[in-house]
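Comments concern the structure below.
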Amino acid sequence: MSLRPFHLAFPVDDLDAARAFYRGVMGCGEGRSSDEWIDFDFFGHQIVAHLAPDCAGDRTSNHVDGHGVPVPHFGIVLQMEDWQALADRLTAAGTEFVIEPTIRFKGQPGEQATMFFRDPAGNAIEMKAFENLDSLFAT
């Protein structure tokens, strides 16, 4: 099966702040929009920020490899060089990381580069990369 783009709709409390973050900081292209939502090109996938102020932000966290991982969260698996470029871009923009850019599960199956941060509405995002994509589902 060929990989198809996913679609994710999520709540935000301020569309202008979402636009500034996803388009300006993350570098996502903007698609259609209205007074209540904005489509973004999230590395070839469609994400939609919907104005829903009472629903934005994370709910809890789970312990993974010594860190409190926010739940829920979303993200994408990038090529390693693209992951590093994004980490550098986010750092330069003064992004506050929930989990700093790091290598998780070093020397184990599933070794990966990862970083967690939040959008202005508090939605958690994880961006990750693998030296070998075959490790994505390694056990």
Side-chain angles (χ1 to χ4, degrees):
M1 172 173 34
S2 65
L3 191 61
R4 304 293 303 157
F6 71 80
H7 166 83
L8 173 70
F10 60 96
V12 298
D13 56 4
D14 182 328
L15 287 176
D16 290 333
R19 179 177 278 121
F21 180 76
Y22 286 98
R23 190 174 69 188
V25 176
M26 294 282 297
C28 298
E30 185 175 329
R32 297 173 302 277
S33 66
S34 79
D35 292 339
E36 296 183 357
W37 54 268
I38 305 169
D39 280 348
F40 294 102
D41 177 347
F42 189 73
F43 303 90
H45 302 278
Q46 183 191 44
I47 62 172
V48 186
H50 282 269
L51 188 58
D54 296 332
C55 299
D58 70 348
R59 307 295 181 263
T60 189
S61 64
N62 284 335
H63 186 77
V64 178
D65 196 34
H67 296 281
V69 171
V71 177
H73 65 265
F74 69 93
I76 195 87
V77 178
L78 297 171
Q79 302 243 353
M80 192 61 78
E81 48 280 350
D82 296 330
W83 180 89
Q84 187 61 60
L86 180 60
D88 294 345
R89 181 180 180 140
L90 291 167
T91 300
T95 301
E96 183 177 329
F97 292 95
V98 175
I99 298 174
E100 297 279 335
T102 190
I103 303 297
R104 178 191 288 162
F105 308 127
K106 193 153 186 77
Q108 300 175 45
E111 179 177 309
Q112 60 194 261
T114 186
M115 61 180 138
F116 280 84
F117 50 93
R118 298 183 194 285
D119 72 8
N123 295 300
I125 302 167
E126 178 186 20
M127 303 301 284
K128 59 172 65 178
F130 294 82
E131 285 292 343
N132 178 355
L133 193 55
D134 292 337
S135 297
L136 182 63
F137 297 109
T139 58

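Everything numeric here is computed off the predicted structure, so don't read it as measured data.
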- Message: If you apply the rule side-chain contact (heavy atoms from CB on, under 4.5 Å), what do you find for Phe10 with Val48, and how did you get there?
- Response: CA-CA 6 Å; Phe10 60 96; Val48 186; 5.8 Å; no

Nearest non-hydrogen partners of [X] and [Y], listed with the distance:
X	Y	answer
Val12	Ala121	CA-CB, 3.6 Å
His50	Trp37	ND1-CB, 3.6 Å
Ser33	Arg19	OG-NH2, 3.8 Å
Pro72	Ala124	O-CB, 3.7 Å
Phe40	Ala18	CZ-O, 4.0 Å
Leu78	Ala129	O-CB, 3.2 Å

- Message: Can you tell me how the ring of Phe42 sits relative to the ring of Tyr22, calling it parallel under 30°, perpendicular over 60° and tilted otherwise?
- Response: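 Ring orientation, 0 to 90° scale: perpendicular.
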
- Task: Look at atom CG of Asp35 and say whether more than 12 heavy atoms of other residues, nucleotides or ligands are closer to it than 6.0 Å.
- Result: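 No, CG of Asp35 has 12 or fewer neighbouring heavy atoms, counting only those of other groups under 6.0 Å.
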
- Does a sphere of radius 6.0 Å around CD in Gln84 hold more than 12 heavy atoms from other residues, nucleotides or ligands, not counting ones at 6.0 Å or beyond?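 More than 12 heavy atoms, drawn from other residues, nucleotides or ligands, come within 6.0 Å of this atom.
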
What distance do [X] atom [atom1] and [Y] atom [atom2] have between them, rounded to the nearest 0.5 Å?
X	Y	atom1	atom2	result
Gln46	Asp41	CD	CG	9.5 Å
Met80	Asn132	CE	CG	10.0 Å
Ile125	Ile76	CD1	CD1	11.5 Å
Asp39	Cys28	CG	SG	11.5 Å
Glu111	Glu131	CD	CD	7.5 Å
Leu51	Asp14	CG	CG	8.0 Å

- Query: Do Phe43 and Met127 come within less than 4.5 Å of each other through their side chains, counting heavy atoms only?
  - Reply: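 Answer yes - side chains close enough.
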
- Message: Counting C-beta onward and ignoring hydrogens, is there a side-chain heavy-atom pair between His45 and Leu8 closer than 4.5 Å?
- Response: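 His45 vs Leu8: side chains apart.
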
- Decide side-chain contact (heavy atoms from CB on, under 4.5 Å) for Trp83 and Gln112; before the verdict, give the C-alpha distance in whole Å, the side-chain angles of both, and the deciding distance to 0.1 Å. CA-CA 11 Å; Trp83 180 89; Gln112 60 194 261; over 6 Å; no

Please output the side-chain donor-acceptor pairs of residues 95-109 that fall under 3.5 Å, not counting sequence neighbours, one pair per line with the distance.
| residue | atom | partner | partner atom | Å |
| --- | --- | --- | --- | --- |
| Thr95 | OG1 | Leu90 | O | 3.0 |
| Arg104 | NH1 | Glu126 | OE2 | 3.4 |

- Item | Asn123 side-chain N/O to Pro11 backbone N/O, donor-acceptor pair under 3.5 Å |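 Yes, Asn123 side chain to Pro11 backbone: donor-acceptor pair under 3.5 Å.
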
If hydrophobic clusters are built from ILVMFWY residues whose side chains come within less than 4.5 Å, do [X] and [Y] share one?
X	Y	answer
Leu86	Phe130	no
Val71	Phe116	no
Phe74	Phe117	yes

- Verify side-chain contact (heavy atoms from CB on, under 4.5 Å) between Phe6 and Ile47, making sure each step is shown before the conclusion. CA-CA 8 Å; Phe6 71 80; Ile47 62 172; 4.1 Å; yes

